[in-house]
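Atom set for the values below is all heavy atoms of this structure, side chains included, hydrogens, waters and symmetry mates excluded. Quick caveat, the model's predicted, so the values are computed rather than measured. Each chain gets a letter, A, B and so on, in the order its sequence line appears, and its residues count up from 1.
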Number of protein chains: 2
Amino acid sequence: MRKVTIKDVARLAGVSASTVSRVLAGGAAISEDTCSRVRDAAEKLGYIPNTAARSLRCEKSRSIGVVLPDISGEFYSLCASSILKYARMVGYTVLFIESGRELEAERDGIRILLQHGVDGMIFIGGGSDGALILEASRSVPVMTGDRRVDNIPSVTFNNRETVRRLSNALYSAGHRSFLYLGESFNGFENLSERYAGFTDALSMKNDIRVTTMLEDSLHGDKLSVSFRLFCERIKDMLPDAVITSNDLIAQGIISASYKCGIRIPEQIAVTGFDDMTSSAYYTPSVTTVRQDADELSRLCFNGLIALIENKPTVSQILKQKIIIRDSAEIKEGEV
Amino acid sequence: MRKVTIKDVARLAGVSASTVSRVLAGGAAISEDTCSRVRDAAEKLGYIPNTAARSLRCEKSRSIGVVLPDISGEFYSLCASSILKYARMVGYTVLFIESGRELEAERDGIRILLQHGVDGMIFIGGGSDGALILEASRSVPVMTGDRRVDNIPSVTFNNRETVRRLSNALYSAGHRSFLYLGESFNGFENLSERYAGFTDALSMKNDIRVTTMLEDSLHGDKLSVSFRLFCERIKDMLPDAVITSNDLIAQGIISASYKCGIRIPEQIAVTGFDDMTSSAYYTPSVTTVRQDADELSRLCFNGLIALIENKPTVSQILKQKIIIRDSAEIKEGEV
DNA sequence: TATATTAATGCAATCGTTTGCATTAATATA
DNA sequence: TATATTAATGCAAACGATTGCATTAATATA
């Protein structure tokens, strides 16, 4: 059962390989009769063109590489799914690389992508070395999503503005003792932007108390860590509003409060980030910020394809949406 | 800035392309001197071998295809991540196909994988046509994970036994009015197995009441649907134990009960399936069943590689683990 | 010293497509 | 009818790597 090649099809159809190629590609001047003979032959033999040969000859692979910190994170997995969807629509394949937020893994990953001759790359999420991305962009078109690198077209969210609005809304709702609890930035620009929005809103106010905790350990298993953090330390400082950089952290806090007998939102308002599926059904449901992963992915993908086809692509900023639920009762309109 | 090829390296090192190839592949008899000259040249030019050319010549791509229903599902995304990890360890790349539980998408996906000349395929999760898998296995080695197809080596879980034990434990804990709420099977063997375990345990008992609801609509947005289902219908029939086929369904029920003023676990015990991250921190935390996605992935991947290398691979069954939490207070030991 | 063996390297074919150019046959134009 | 034009197809050369075989030089054996 040998692999059937274009020559086999050609032989059966009684034409040359070139003709088969042209028929299957379409758009060339081929007689009606030949066309159908070739198609029949290809059909009958179950001919499947060999991508490796095609890539080699055309010096285009119709594939792209996507680098993300961790494909099992809810947000990233949604991006992965969306990119697969959009890629399939135009006949592209996708190679995923997990950087694991580690420089070495990312460097290897990029090298693998280049070996495979991807036509372009998308870098989603931060944490990695911008220099690496910049370097990759000298071999191949590059877009970034949810992070920025100089001179690379990107699709990002308005993190800073959103958290500013959120913080102001909490202030308007009467909260005066704030805690910001989030992952340490580690080069994640979106995280530092969120925090910047927090200070934007509150640093000029003088009738409030503000505490900040940025924890490395929150990068991993956020739920259990935030749970522990809260139990160990936060109940002493008793904030009346906690802004977190992640729904899992928020959920951890809610869960911990429940164990401690602290009522949410009556005693403490808690907000998250990401609008994870479970957040809508948590008890209490989590007030959070929604980022449209599908839209991010669509714009990144289409932008990259444009670049690949030598069309221009501009950076875009997507608006996040504050989802008001039970864990923090705010009125957005007031801000 | 043209792409640098093996010939460029050869020229710079003053040897033939064959020699460069052999040096870089290793294991051939090459003089120490030549070796280092070649390596230096490759390094200096930033030579990256072209995978397409290599695949074409070797008729092996060192890549595999993975077909799963939906890469953004928590369990599947964990599998994806694990497979990427194990593949990278041995220099394989992975192409993911989302079947979306649709026959046509799956057929297309398999065709794309064959075009790309993957050396093998892993099918994870059910829903699709076994015939398609069987057919694929005639072109290329195939493993299945969390689903079975005749004559294809597989890695599965002991769903039936687990749910039998779970049901018995609930019975032992005094529950007498059972509801089984799950997705309709739709060819998902793991789902029908779970239900089979349920009937195994309870069909012979005569002092109990049993209701079954298998809903198509639960395949999509489980949380909101199970929430609605519960609100509309289940509170009338008032079971004292609900076994679900999914943590999201369980969470939906818990959330709905809370709104209705029904206390869990006091009035109704609820169990889930999958041990999603959020389940440990739900209120109340969800008693559920854990399936080791990483172990499944590891065995599937290693099994597939063995097949690719013409070594034998046997099917395996992994044990699930019942995680006892607050939403259903049972003692496992009693069963 | 002549011969056999081994080590190090090069030559050239091959993998399956695509595509510029040449060729042929058919048709239109003068 | 001779010539120009067009349509349909084939030829053959790439694309970049690998590898069986041939070649050469160096060393070992008799």
Side-chain angles (χ1 to χ4, degrees), chain A residues 1-39 41-42 45-63 91 111-112 114-119 139, chain B residues 2-39 41-42 45-63 91 93 111-112 114-119 139:
Chain A
M1 236 221 250
R2 272 228 6 6
K3 202 70 151 262
V4 17
T5 77
I6 203 170
K7 288 184 188 168
D8 302 317
V9 178
R11 196 171 313 123
L12 181 58
V15 297
S16 75
S18 345
T19 302
V20 175
S21 174
R22 282 190 269 252
V23 169
L24 267 31
I30 305 284
S31 79
E32 198 50 55
D33 175 57
T34 311
C35 260
S36 58
R37 277 209 330 281
V38 167
R39 267 193 260 274
L45 296 178
Y47 169 64
I48 293 185
N50 179 318
T51 308
R54 182 178 290 168
S55 304
L56 181 57
R57 167 65 221 231
C58 302
E59 303 182 318
K60 281 278 168 200
S61 64
R62 278 192 92 76
S63 72
R111 159 171 263 267
I112 291 172
L114 289 175
Q115 275 194 221
H116 279 267
V118 294
D119 298 339
S139 306
Chain B
R2 268 217 31 349
K3 202 73 150 260
V4 17
T5 77
I6 202 171
K7 289 184 189 170
D8 301 319
V9 179
R11 196 170 312 124
L12 181 58
V15 296
S16 75
S18 345
T19 302
V20 176
S21 174
R22 283 190 270 251
V23 169
L24 266 32
I30 305 283
S31 78
E32 199 50 56
D33 174 57
T34 312
C35 259
S36 59
R37 277 208 332 280
V38 167
R39 268 193 260 273
L45 295 177
Y47 169 64
I48 294 186
N50 179 319
T51 309
R54 182 180 290 168
S55 304
L56 182 58
R57 167 65 222 233
C58 301
E59 301 181 318
K60 281 280 168 198
S61 63
R62 277 191 95 76
S63 71
T93 48
R111 160 172 263 268
I112 291 171
L114 289 175
Q115 277 194 216
H116 278 266
V118 294
D119 298 339
S139 306

Legend entry - Among D:dG16, C:dT17, C:dT19, the nucleotide that comes nearest once only the side chain of B:Leu56 is considered: D:dG16
Nearest heavy-atom neighbours spanning [X] and [Y]:
{"X": "A:Cys35", "Y": "A:Val23", "result": "O-CG1, 4.0 Å"}
{"X": "B:Arg62", "Y": "B:Asp119", "result": "N-OD2, 2.7 Å"}
{"X": "A:Tyr47", "Y": "A:Thr5", "result": "CE1-C, 3.6 Å"}

Legend entry - Presence of A:Ser21 side-chain N/O under 4.0 Å of C:dT18 phosphate oxygens OP1/OP2: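 Indeed, a polar side-chain atom of A:Ser21 lies that close.
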For a quick test of your reading: what N or O donor-acceptor pairs under 3.5 Å do the side chains of residues 10-19 of chain B make, sequence neighbours left out?
| residue | atom | partner | partner atom | Å |
| --- | --- | --- | --- | --- |
| B:Arg11 | NH1 | B:Asp8 | OD1 | 3.4 |
| B:Ser16 | OG | B:Ser18 | N | 3.4 |
| B:Ser16 | OG | B:Ser18 | OG | 3.3 |
| B:Ser16 | OG | B:Thr19 | N | 3.4 |
| B:Ser16 | OG | B:Thr19 | OG1 | 3.3 |

Any chance you could measure [X], atom [atom1], to [Y], atom [atom2], to the nearest 0.5 Å?
{"X": "B:Arg57", "Y": "B:Asn50", "atom1": "CZ", "atom2": "CG", "result": "14.5 Å"}
{"X": "B:Leu56", "Y": "A:Leu56", "atom1": "CG", "atom2": "CG", "result": "6.0 Å"}
{"X": "B:Ser55", "Y": "A:His116", "atom1": "OG", "atom2": "NE2", "result": "7.0 Å"}

Inset, instruction - Just need the stems in DNA chain C: three or more back-to-back Watson-Crick or G-U pairs, each with both distances under 3.5 angstrom, sorted by first number. - result: C:1-30 with D:1-30
Rounded to whole Å, please give me the gap between [atom1] in [X] and [atom2] in [N].
{"X": "B:Gln115", "N": "C:dG16", "atom1": "CD", "atom2": "C1'", "answer": "13 Å"}
{"X": "B:Asn50", "N": "C:dG16", "atom1": "CG", "atom2": "P", "answer": "16 Å"}
{"X": "B:Leu114", "N": "C:dG16", "atom1": "CG", "atom2": "C1'", "answer": "16 Å"}

Inset, instruction - State whether the side chain of A:Thr51 and the backbone N or O of B:Gln115 hold a donor-acceptor pair below 3.5 Å, judged by distance alone. - result: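 Yes; at least one donor-acceptor contact below 3.5 Å.
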Legend entry - Nucleic acid footprint by protein, nucleotides 8-14 of chain C - heavy-atom cut-off 4.0 Å, B for base, S for sugar-phosphate alone: SBBBBBB
